[in-house]
Amino acid sequence: MSDKYKTHESDKAYFITMTTVGWVDIFTRKNHKLAIVDSLKYCQENKGLEIYGWVLMHSHLHLLCRAAGGFRLSDILRDFKKYTSKKIVKQIEEEPESRREWLLPLLQK
């Protein structure tokens, strides 16, 4: 990965965009949106994430944020993405989802 896409200065705010695999419209379901919101709140309360603005689109998330309290933004984002991706896959597997048949193989790649 190029250095231009890495966070180097912990005291700076960054504009971050996170996308779904293949830009699939995952965040059209309320339960998936709430998984993102709950995870962001957890990171704010427990991992030093300071959020100045954010928007959740159908296939991606924009954040204007920084890490505080000695935390590293890259670590926070890694944990956020790992947790929320597993949570959303579990929701797709266990809750009513009309797109399950083609979504799960795509997300497992």
Side-chain angles (χ1 to χ4, degrees):
M1 175 183 272
S2 168
D3 276 349
K4 74 179 188 176
Y5 296 114
K6 294 183 180 178
T7 59
H8 295 285
E9 300 179 51
S10 60
D11 62 331
K12 304 288 184 192
Y14 288 87
F15 179 77
I16 308 287
T17 299
M18 292 176 261
T19 63
T20 60
V21 173
W23 290 80
V24 175
D25 291 343
I26 298 286
F27 309 125
T28 57
R29 306 289 198 255
K30 184 176 181 179
N31 58 340
H32 306 323
K33 293 176 197 176
L34 290 176
I36 296 292
V37 172
D38 291 344
S39 294
L40 287 173
K41 286 180 185 177
Y42 179 85
C43 290
Q44 286 179 294
E45 294 168 1
N46 300 287
K47 294 188 171 273
L49 181 64
E50 290 186 1
I51 299 175
Y52 303 107
W54 65 281
V55 61
L56 181 62
M57 307 300 284
H58 290 248
S59 61
H60 59 285
L61 169 67
H62 295 295
L63 281 174
L64 184 55
C65 61
R66 78 177 194 101
F71 290 93
R72 292 177 37 167
L73 187 56
S74 59
D75 293 341
I76 297 168
L77 296 176
R78 178 201 61 220
D79 294 347
F80 169 79
K81 291 191 284 186
K82 182 177 179 181
Y83 175 80
T84 54
S85 64
K86 288 182 179 186
K87 174 77 173 174
I88 290 171
V89 167
K90 186 174 180 180
Q91 289 175 333
I92 293 170
E93 290 172 340
E94 297 177 355
E95 298 175 13
E97 175 57 72
S98 61
R99 308 172 301 165
R100 180 180 298 128
E101 286 183 27
W102 65 269
L103 266 178
L104 287 177
L106 179 68
L107 298 176
Q108 290 173 350
K109 279 187 174 180

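Heavy-atom basis, side chains included; hydrogens, waters and symmetry copies ignored.
With sequence neighbours excluded, the residues that form a salt bridge (charged side-chain N to carboxylate O under 4.0 Å, His left out) with R78 are D75. By the side chain to side chain donor-acceptor pair (under 3.5 Å) test, D25 pairs with no residue at all, sequence neighbours left out. Residues that satisfy the side chain to side chain donor-acceptor pair (under 3.5 Å) test with S74, not counting sequence neighbours, are R72. Annotation: side chain to side chain donor-acceptor pair (under 3.5 Å) contacts of N46 (sequence neighbours excluded): none. Every residue two or more places apart in sequence or in another chain was checked for a salt bridge (charged side-chain N to carboxylate O under 4.0 Å, His left out) with K87, and none qualifies. A search for side-chain contact (heavy atoms from CB on, under 4.5 Å) contacts involving K82 returns K86, not counting sequence neighbours. Residues satisfying the side chain to side chain donor-acceptor pair (under 3.5 Å) criterion with R99, sequence neighbours excluded, are E97.
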Please report the C-alpha distance between T20 and L107 in whole Å, then the side-chain angles of each, then the deciding distance to 0.1 Å, and finally whether the side chain to side chain contact (heavy atoms under 4.5 Å, CB included) criterion is met.
CA-CA 9 Å; T20 60; L107 298 176; 6.0 Å; no
Residues L64, I16; criterion side chain to side chain contact (heavy atoms under 4.5 Å, CB included); working and verdict:
CA-CA 6 Å; L64 184 55; I16 308 287; over 6 Å; no
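Minimum interatomic distance between G48 and I76 (heavy atoms only, all atoms of both residues): C-CD1, 4.1 Å. Contact record, A13 with Y52: CB-CE1, 4.0 Å, taken as the closest heavy-atom pair.
Within the structure, ring-ring contact (aromatic ring centres under 6.0 Å, His included) pairs that include any residue of residues 60-79 comprise F15-H62, W23-H60, H60-H62 (at least two apart or interchain). For residues 72-104, the set of pairs meeting the ring-ring contact (aromatic ring centres under 6.0 Å, His included) definition, not counting sequence neighbours, is empty.
Hydrophobic clustering (side-chain heavy atoms under 4.5 Å, transitive across Ile, Leu, Val, Met, Phe, Trp, Tyr) keeps L34 apart from F27. Cluster membership for M18 and V37, using ILVMFWY side-chain heavy atoms within less than 4.5 angstrom, is shared.
Y42 belongs to no hydrophobic cluster with other residues, because no ILVMFWY side-chain heavy atom falls under 4.5 Å from its own, directly or through intermediates. The hydrophobic cluster around M57 extends to V55, counting ILVMFWY residues whose side-chain heavy atoms fall within less than 4.5 Å of a member.
At a threshold of 4.5 Å between non-hydrogen side-chain atoms, the residues T19 and L61 do not count as touching. The shortest distance between side-chain heavy atoms of R29 and S98 falls below 4.5 Å. Put simply, the side chain of R66 does not reach to within 4.5 Å of the side chain of K12, judged on heavy atoms. In this structure, the side chains of S59 and I26 stay at 4.5 Å or more apart for every pair of heavy atoms.
Interatomic distance, L103 CG to Q108 CD, rounded to the nearest 0.5 Å: 10.5 Å. Distance check: Q44 CD to S39 OG gives 11.5 Å after rounding to the nearest 0.5 Å. From L49, atom CG reaches atom CG of D79 across 11.0 Å, with rounding to the nearest 0.5 Å.
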Could you list the donor-acceptor pairs under 3.5 angstrom formed between side-chain atoms of residues 89-96 and any protein atom two or more places apart in sequence or on another chain?
residue, atom, partner, partner atom, Å
Q91, OE1, H32, ND1, 2.8
Q91, NE2, N31, O, 3.2
E95, OE1, N31, ND2, 2.4

